[in-house]
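In the text below, chain A, chain B and the rest are named by the order of the sequence lines, each starting its count at 1.
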2 protein chains.
Amino acid sequence: MSHATSIQAAMGRYFGLAGSDRRLLERLERRPRRAAKGESLWSAHAVLGELYILQSGWACTIRDTCEGERQVIELLLPGDILGLREFTFRRHVTDAYMISPGIVCPFPHEDIVDLVAASTPLTIALFAAIGRQEALLSERMLVTLHHTARAQIAHFVIETFIRLAKLQPVDPAEMPFPISQRLLGQILGLSPVHINRTLRALERDGIMKKHKAFIVIQDEARLREMADFDGEYLSDQMDGLRTRLAALDVRGVTGA
Amino acid sequence: MSHATSIQAAMGRYFGLAGSDRRLLERLERRPRRAAKGESLWSAHAVLGELYILQSGWACTIRDTCEGERQVIELLLPGDILGLREFTFRRHVTDAYMISPGIVCPFPHEDIVDLVAASTPLTIALFAAIGRQEALLSERMLVTLHHTARAQIAHFVIETFIRLAKLQPVDPAEMPFPISQRLLGQILGLSPVHINRTLRALERDGIMKKHKAFIVIQDEARLREMADFDGEYLSDQMDGLRTRLAALDVRGVTGA
DNA sequence: CGTACCTTTGACGGCTGTCAAAGGAAGTGG
DNA sequence: CCACTTCCTTTGACAGCCGTCAAAGGTACG
């Protein structure tokens with residue numbers, strides 16, 4: 001959890017960023033601050049104010065039903081922008097809070113507009129980031145609705161492993177995973193009781209074991225197999241648009 | 001189904017568009033063509049080529065599991081852009097096809113880049129459109145994972161009613177709904193058998209009745225109640241950003 | 001050292017899936 | 001215009017995954 005990722009590194013995943021673009025992103029990170037575990041970053045129905053760049057720690061956005069059930073919508077890892085998906089809304093649709101302690105950089109949500117006005121490549125990178133988050137959501141939907149709890153857990157663990165591995169070296173025998181069984185249930189839409197039973201079964205079968213804040217993956221092959229895992233939706237490749245972006249650059253449309 | 005909506009009207013939902021922006025959008029609609037019911041617009045894993053503006057008819061994007069189950073990810077109505085969510089991907093993540101016959105306007109996906117370079121307000125409108133589609137997806141996830149089939153159907157019908165009502169006058173006693181029971185199952189993640197049973201029950205209780213291509217809503221109040229429906233996520237309001245956009249305009253950053 | 005949260009396990013019930021079969025409705029081709 | 005095919009709708013029987021309720025032990029933190 002001590003690993004920190006800047007927004008530059010995260011946005012640079014899709015294609016190289018110009019120096020001017022880097023400076024624009026740096027401005028969003030001017031006010032880093034610590035955020036405690038469980039700290040709320042915003043609440044549903046609140047008028048939009050600041051969004052946050054997550055530099056370290058894990059966070060999530062959630063929705064509650066009126067019967068008191070809670071569903072995690074997205075899991076944010078270091079380098080992600082918290083609230084990007086709803087910056088065009090007047091009021092927040094979700095709640096957001098820190099899963100583990102970390103560092104966040106708040107910035108006014110309207111600053112995204114300036115960023116869009118200032119740099120086309122950066123804007124495309126924002127679209128890419130939103131698109132990836134949305135792909136995660138689609139995939140989760142597919143899995144939660146059509147696979148058993150065992151497959152869902154397997155899928156989520158592999159997906160998270162791959163996302164993490166893009167940020168830092170990760171050992172399958174000790175993968176960071178600061179997620180309680182209750183929270184895992186809220187991510188997958190399962191009861192904590194059933195999560196527990198399924199985790200015990202996975203452990204008995206020698207496939208994986210969850211500890212307090214990390215997971216030991218013992219049999220990655222079987223884990224992938226039972227998750228029916230195809231990671232194409234996690235790809236950062238973006239060849240097609242790079243050509244068009246380069247063309248803009250030549251015409252001097254984007255910032256120098 | 002004969003009702004057509006231009007992309008201009010759809011994008012203009014969020015705030016007024018300048019004449020220059022309207023012209024940019026018009027260029028995307030230069031090549032309207034008929035699309036048959038069931039026609040495929042793209043397939044998963046295919047390299048991205050053209051995206052489509054949906055002018056009339058209903059369409060959807062789907063994902064298949066390797067066990068042959070099919071999940072609808074998003075339902076597109078006239079005025080929506082098909083593929084906007086994945087224009088930054090190298091390959092398609094979903095399949096897309098027409099639910100009912102309609103008119104689509106294909107355009108190269110790279111043109112979005114030019115559009116972003118040309119107009120900040122238009123780009124913000126694109127973010128707004130993506131954000132709304134994503135809110136639909138989050139809400140669907142919440143409902144499918146935490147409510148019974150009866151509530152899920154009620155929720156989807158009301159949501160679709162509200163979306164339609166933004167495009168054309170809709171009579172609750174004869175709401176267009178060209179969706180088979182099988183497809184409804186693929187939208188909600190339920191088996192067609194169970195969809196059928198639940199629809200019959202809703203009909204017996206005098207709440208709503210689905211016909212071939214339309215729905216009769218008999219008791220909207222009870223339908224809303226059992227759906228636990230809160231439509232805030234469907235709001236098009238965007239006050240906060242309009243101020244910032246106006247500021248850009250004064251400084252002459254956006255096109256005249 | 002106590003309080004709060006997390007984990008674990010058992011018993012029981014129910015919503016929903018699967019399998020199977022039959023009756024419509026719609027479109028196709030002769 | 002009629003046979004044929006195909007897809008959609010409908011219903012019954014049965015099974016199973018998972019939720020709820022309840023209770024106890026463990027662990028962290030103040």
Next on the checklist: Using every non-hydrogen atom in the two residues, find where A:Pro176 and A:Val170 come nearest and quote the distance to one decimal.
Outcome noted: CD-CG1, 4.0 Å
Next on the checklist: Let's see if you get this right: which residues in residues 198-212 of chain A place a heavy atom under 4.0 Å from DNA chain C?
Outcome noted: A:Arg200, A:Lys210
Whole Å only: how far is the [atom1] atom of [X] from the [atom2] atom of [N]?
{"X": "A:Ile153", "N": "C:dT7", "atom1": "CD1", "atom2": "P", "result": "12 Å"}
{"X": "A:Gln186", "N": "C:dC6", "atom1": "CD", "atom2": "C1'", "result": "13 Å"}
{"X": "B:Arg197", "N": "C:dT16", "atom1": "CZ", "atom2": "P", "result": "11 Å"}
{"X": "B:Gln152", "N": "C:dC15", "atom1": "CD", "atom2": "P", "result": "13 Å"}
{"X": "B:Arg182", "N": "C:dA25", "atom1": "CZ", "atom2": "C1'", "result": "16 Å"}
{"X": "B:Ile195", "N": "C:dC15", "atom1": "CD1", "atom2": "P", "result": "16 Å"}
{"X": "B:Leu188", "N": "C:dC15", "atom1": "CG", "atom2": "P", "result": "17 Å"}
{"X": "A:Asn196", "N": "C:dC6", "atom1": "CG", "atom2": "C1'", "result": "10 Å"}

Are any of the side-chain nitrogens in [X] or [Y] under 4.0 Å away from the carboxylate oxygens of its partner?
{"X": "A:Arg200", "Y": "A:Glu203", "result": "yes"}
{"X": "A:Glu134", "Y": "A:Arg85", "result": "no"}
{"X": "B:Lys166", "Y": "B:Asp236", "result": "yes"}
{"X": "B:Arg63", "Y": "B:Glu74", "result": "no"}

Checklist entry - Base, sugar-phosphate alone, or nothing: which one does A:Ser191 contact when heavy atoms must sit under 4.0 Å apart? => result base
Checklist entry - What is the nucleic acid contact for A:Gly189, judged by heavy atoms within less than 4.0 Å: base, sugar-phosphate only, or nothing? => result sugar-phosphate
Checklist entry - Along DNA chain D, 5' to 3', what are the outermost nucleotides having an atom less than 4.0 Å from a heavy atom of chain B? => result D:dC8 to D:dA13
Next on the checklist: Test of understanding: with ring pair (Phe, Tyr, Trp, His ring centres under 6.0 Å), list the residues that count as partners of B:Phe87, not counting sequence neighbours.
Outcome noted: A:Phe127
Checklist entry - For B:Tyr233, what residues pass the ring pair (Phe, Tyr, Trp, His ring centres under 6.0 Å) criterion, not counting sequence neighbours? => result none
Next on the checklist: Going by ring pair (Phe, Tyr, Trp, His ring centres under 6.0 Å), name the pairs with one or both residues in residues 182-227 of chain A, residues two or more places apart or in two chains.
Outcome noted: A:His211-A:Phe214
Checklist entry - Does A:Arg204 have any salt bridge (Lys or Arg N to Asp or Glu O under 4.0 Å) partners at least two apart in sequence or in another chain, and if so, which? => result none
